[in-house]
Amino acid sequence: MPTTKPRILTGDTPTHTGLHLGHYVGSLENRLRLQDEYDCYFLIANVHAFTTLAEKPADIRANTLGIVKDWLAVGLDPQRSTFVLQSEIPAIAELTFLFAMLIPFNKVMRNPTLKTEIESKGLGDTYPFGFPMYAVGQCADILTFRPDLVPVGEDQEAHIEMCRDVALKFNQLYCGVGNRVPAEEHHKQGGVFPIPRAKVGRVGRLVGLDGKNKMSKSLGNAIFLYDSEKDVQKKINKIVTGRATATSPLADDNPLAQYIDVFLPRERAEQIKADYASGKEVMDGHIKAEVGAAINTLLAPMRERRARLEEPPQPGKPGGEEMVLGVIREGIKKANAQAEETLALAKKAMGLEFVNRTLH
Ligand code: TRP
C-alpha cells in the first residue's frame with residue numbers, strides 16, 4: 001500500500017536474546033511511539049551476527065526468532081510495520097558491495113563504533129574481514145529502504161554518519177546532485193537516496209545496576225524485560241546507594257537516581273530528588289519499592305505477550321514459533337518489494353540497468 005508517511009528504519013543484531021531495560025528506553029520505546037506516525041521498517045541483522053558468531057549458526061537462528069518474539073512482546077506490530085529479515089533481502093547484499101566502493105578503507109577502519117567493539121568484545125586482530133565490512137553493510141541496510149530517520153542508541157551514531165556520507169556521495173556521483181546542495185535537498189534534487197538522520201532515544205545510555213557500566217547482558221548488571229516481578233524488585237533492592245545516613249544526598253550518577261528519572265512520572269521524580277537533596281530523611285527502601293513497582297507495571301503486558309509466543313502448538317492451533325515464522329515470511333515479502341525498487345533505481349543511476357528482474 002503506498003504511503004506518504006515519512007519512513008524509519010532501524011534494527012537489532014541477533015547476537016544474543018534477552019532484551020533489557022537499556023534496550024527499551026534507548027530504542028524500543030521510541031519505535032513503539034513512532035509506529036503510527038511513520039512507515040516503519042525494523043531489521044533483524046542476522047547476517048551481521050555471523051561477523052562474531054560464524055561458528056554458532058544455531059545460536060544465531062534461535063536469537064533471530066527470539067528477537068522477533070521480543071519485538072512482538074514489546075508491542076511492535078507487523079500489521080503496521082515491516083519486519084525485515086536481512087538474510088532474505090538480496091538487494092541489501094548487492095548494495096553493500098556497490099557502496100563499498102564509495103567509502104575509503106581507512107575511514108571504515110577508523111570508525112569509532114567498530115574500534116570500541118573490537119576492544120569490548122576482545123576481538124584482537126583475529127576478526128574476520130566481514131567484521132569491518134558490516135559497517136558498510138549497515139549503510140546498505142538503511143539506504144535500501146530510503147528512510148528519513150534512523151532511531152538508534154548513541155553508540156550507533158558513527159554508523160549513521162557513514163551512511164549519510166555514502167548517500168551524499170552516491171547522489172553526487174550518479175544522480176548529478178551538486179556538491180553544494182544541502183543534505184535535506186538531495187532527494188528533491190534528484191538523488192536516489194534521501195539523506196537519513198539519526199534519532200537517539202529518550203535515554204542514550206541507561207546505567208546498569210552496578211552503577212559503573214552501561215546496562216548490558218554480558219556484564220550481569222541488567223534488568224531483563226521478562227524478569228519476574230520478584231526478580232525485578234530484588235535487583236532494584238540490591239543497588240548500592242552509598243549514602244552514609246538516611247539524610248545523606250543521593251549521588252546524581254547513582255543508578256537509583258537515574259531510574260527515578262527514567263521510570264517515575266516527572267513530578268514525582270522531581271519531588272523525590274528534591275527530598276534527597278534537602279537533607280530530609282528518605283528511606284532508600286521505600287524509593288526502591290516505588291521504582292520497582294513502576295518498572296513492573298511497565299513490564300507486565302510484555303511478559304504476558306511473550307508467554308503466549310512461547311506456547312507449543314495444540315491441535316488446531318499454531319504454536320508461538322509458527323506465528324513468528326509467519327510474521328517473518330510476510331515481512332520478507334513486503335521488504336523485498338521496497339528493496340527491489342530501490343536497487344533498480346540505484347542500478348539505473350549507475351548504468352547497470354541491463355535487465356528487468358522480479359523476485360518471487
Ligand atoms: N548495528 C546495529 C546494532 O548492533 C544493528 C543494525 C544493523 C542496525 N543494521 C542496522 C541499526 C541499520 C540501525 C540501522 O545495534
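Numbering starts at 1 and runs along the sequence shown. Since this is a predicted model, take the numbers as computed values, not measurements. Note that ligands are numbered from 1 as they come in the structure, with each ligand's atoms numbered from 1 the same way.
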Side chain to side chain contact (heavy atoms under 4.5 Å, CB included), paired with Lys69, selected from Leu309, Leu19, Val327: Leu309
Closest approach of any protein heavy atom to [atom], naming residue and atom:
{"atom": "atom 15 (O) of ligand 1", "result": "Gln156 NE2, 3.7 Å"}
{"atom": "atom 9 (N) of ligand 1", "result": "Asp141 OD2, 2.7 Å"}
{"atom": "atom 1 (N) of ligand 1", "result": "Gln138 OE1, 2.9 Å"}

Residue part near ligand 1, for Asp155, under 4.0 Å between non-hydrogen atoms: neither
Per-residue contact class, His159 against ligand 1 - non-hydrogen pairs under 4.0 Å: neither
Spacing of CG belonging to Asp141 relative to NE2 belonging to His48, to within rounding of 0.5 Å: 4.5 Å
Spacing of Glu322 atom CD and Glu311 atom CD [to the nearest 0.5 Å]: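 If we round to the nearest 0.5 Å, Glu322:CD and Glu311:CD are 14.5 Å apart.
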Residues Asp39, Arg7: salt bridge by 4.0 Å N-O rule: yes
Within ligand 1, which atoms have a heavy atom of [X] less than 4.0 Å away?
{"X": "Ile142", "value": "12 (C), 14 (C)"}
{"X": "Ala45", "value": "7 (C)"}
{"X": "Val152", "value": "13 (C)"}
{"X": "Leu9", "value": "12 (C), 14 (C)"}

Ring centres under 6.0 angstrom apart (Tyr134, Phe50):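 No, they do not, as the ring centres are separated by 6.0 Å or more.
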Polar contact flag for Tyr134 and ligand 1 (N/O pairs, less than 3.5 Å):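 Tyr134 vs ligand 1: no N/O contact under 3.5 Å.
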N or O pair under 3.5 Å between Thr13 and ligand 1: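 Thr13 vs ligand 1: N/O contact under 3.5 Å present.
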Closest non-hydrogen atom pair between Pro151 and Ile8, with its separation: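 Result for this residue pair: CD-CG2, 3.5 Å.
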Closest non-hydrogen atom pair, Ile239 against Pro255: CG2-CG, 3.8 Å
Contact check, side chains of Val108 and Met162, non-hydrogen atoms, under 4.5 Å: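 Heavy-atom side-chain distance check passes, below 4.5 Å.
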